[in-house]
Amino acid sequence: MADFTSDGFCLNDNKAGLSQMEGHSKEDIAKILTKNSEGSKFYQNKKQRHQATEQRIAQKKKILEEASPADYNDALRKTDKMLSNLEASRDLSHTIVHVDMDMFYAAVEMRDAPHLKDKPVAVGGNSMLSTSNYVARKFGVRAAQPGFLAKKLCPNLIIVPCNFPKYRAVAAIVRGVFAEYDPNYASASLDEAYLDITEHLKVRADRTEEERTLWRCDCEYWRSLDADWKPSATQETEPTSSENNQETCPECGRVAESIVTGTDAEGAVLELRTKVFRRTALTCSAGIAPNSKLAKICTDRNKPNGQYQLPPNKEAVLEFVKDLPVRKIPGIGATTEETLRALGVQTCSDIHKHRASLALVFSDLSTEYFMRVSLGIGCTTISNDEERKSISNERYALLPSPITV
DNA sequence: CAACGAAGGACCC
DNA sequence: GACCAGGGTCCTTCGGTT
């Protein structure tokens, strides 16, 4: 990270540009954040942790310097063995979907208080924000940012307190939709889940066009559907005919858009997302891929309110992964990213290039994890154990099988 | 010496 | 004027116990 230039007091909150609500440039955002966090306890702490990782990096570099050519050879053989075993286990037969609600908490609050729609909104408290809407993001307001700092970035920011009971209720409705496509879907959090729709696609292949037709209008009408919605009393696999024949929207009078969803994965997911929207008036994004790790990365591609499919063939997977920055991989955070960069690894193909060094410096478990990443291999089964209520550690929770060292 | 559990990191939302 | 979470899981390390 570049060191902060302290140009002191030049920035004032009532600077002309800020009142225009146009958002900030990256420089402005960096300036404001620096000015307000320099010297704080939090900043000191962060610096200390950073130094600790730098030390660990130095240790690793020392190991590499002292390793003999024979050591490198052994490491190379070890990783190549891992790679061939992993390649042999590659499974492209499942269709895995990752679904993520768009700015979930903020979206719920905006839905229920429409006057918030064009304003910068964040959900959370003065000490920490959970999420922000897209207007606020233009000002640099982000999740995991303290509210008071966000206020400096965006003085007009409206901070709505968290209302978890409400979010849980909405999540229950969304999960009802998920269950129609995979009864064993696994929640990763309130607003995120993994589905294996392989079985659904088999059933779907036999459905008529009529059964795959949805009517949709983007106006507020669908909000009112929410109140009528009774999850327990309805069987969604057989949509009620009254709903299906609804061709004009009672609210805005416009002809509702008719969508015939395909029998393929894209069609199924489009249908799923439409159902989520109809029952909650909220949008979500989805990724479709042969394993959960790739699916999650795909979700980001067309966010918000979009979806992206990575085709289930080896060439497409390797191409997809080739120039992917390692930070995009679930399980690789800021620390690991920095460590890898120090070892010359920035993208997934760099992992392969430097595989011997990685094996010398990381544990077997981590090394195997990196090898898996470089091949685009991930977990192809979605388990919803009683024991594991959620997937909170992606690095290890999404392993294809228990590791035997 | 091995198994073990607590503590400390890293990561996710 | 000062305020930078809390809850979850898994790995690694370390130190005292059996």
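We use all heavy atoms of the structure for the numbers below, so side chains are in, but hydrogens, waters and symmetry mates are not.
Between T336(A) and dC11(B) there is a side-chain N or O to OP1 or OP2 distance below 4.0 Å. In terms of phosphate contacts, R56(A) brings a side-chain nitrogen or oxygen within less than 4.0 Å of OP1 or OP2 of dA10(B). Between K152(A) and dC4(C), a side-chain N or O to OP1/OP2 separation shorter than 4.0 Å is absent. Between T335(A) and dC11(B) there is a side-chain polar atom (N or O) within less than 4.0 angstrom of OP1 or OP2.
Rounded to a whole Å, the NZ atom of K47(A) is 17 Å from the P atom of dC4(C). Rounded to an integer number of Å, the gap from E368(A) CD to dT12(C) P is 12 Å. Following rounding to the nearest Å, Q48(A) (CD) and dG8(B) (C1') show an atom-to-atom distance of 15 Å. A straight line from NZ of K328(A) to C1' of dC12(B) spans 16 Å, rounded to a whole angstrom. Taking atom CG on L340(A) and atom P on dA10(B), their separation rounds to 13 Å, with Å as the unit. As a whole-Å value, the separation of I57(A) CD1 from dG9(B) P is 16 Å. Counting to the nearest Å, the P atom of dG1(C) and the NZ atom of K151(A) are 18 Å from each other. Look at CZ on F164(A): it is 12 Å from P on dG8(C), rounded to the nearest Å.
Listed for the N133(A) side chain is a donor-acceptor partner under 3.5 Å among the backbone atoms of K119(A).
In this structure dC11(B) sits in a base pair with dG8(C), meeting the Watson-Crick or G-U test at under 3.5 Å. Pairing partner, dG15(C): dC4(B), with both Watson-Crick or wobble hydrogen-bond distances short of 3.5 Å.
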| Derivation of the side chain to side chain contact (heavy atoms under 4.5 Å, CB included) call for L358(A) and T79(A) | CA-CA 9 Å; L358(A) 295 181; T79(A) 53; over 6 Å; no
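No contact: S40(A) has no heavy atom under 4.0 Å from any strand. At the heavy-atom level, I332(A) lies under 4.0 Å from the strands shown only through sugar-phosphate atoms. Counting non-hydrogen atoms under 4.0 angstrom, T339(A) reaches nothing in the nucleic acid. Residue D191(A) is classed as a sugar-phosphate contact, given heavy-atom separations below 4.0 Å to backbone atoms only. Nucleic acid contact class of A52(A) (heavy atoms, under 4.0 Å, all strands): none.
Across dC4(C), dC12(B), dT12(C), the shortest atom-to-atom separation from the side chain of S37(A) is found for dC4(C). In this structure, of dC12(B), dT12(C), dC4(C), it is dT12(C) that holds the atom nearest to the side chain of S366(A). Looking at the side chain of L365(A), the nearest of the listed nucleotides dC11(C), dC4(C), dC3(C) is dC11(C). Which of dC12(B), dA5(C), dT12(C) sits closest to the side chain of M128(A) comes down to dA5(C).
Using P as the reference atom, dC12(B) and dC4(C) are 23 Å apart when rounded to the nearest Å.
Y369(A) has its ring centre no less than 6.0 Å from the ring centre of F362(A).
Using a 4.5 Å heavy-atom threshold, the side chains of Q346(A) and R327(A) count as separate.
Counting non-hydrogen atoms of other residues, nucleotides and ligands closer than 6.0 Å to NZ of K166(A) gives a total above 12.
In plain terms, the two heavy atoms of Q309(A) and A265(A) that are nearest each other are NE2-CB, 3.8 Å.
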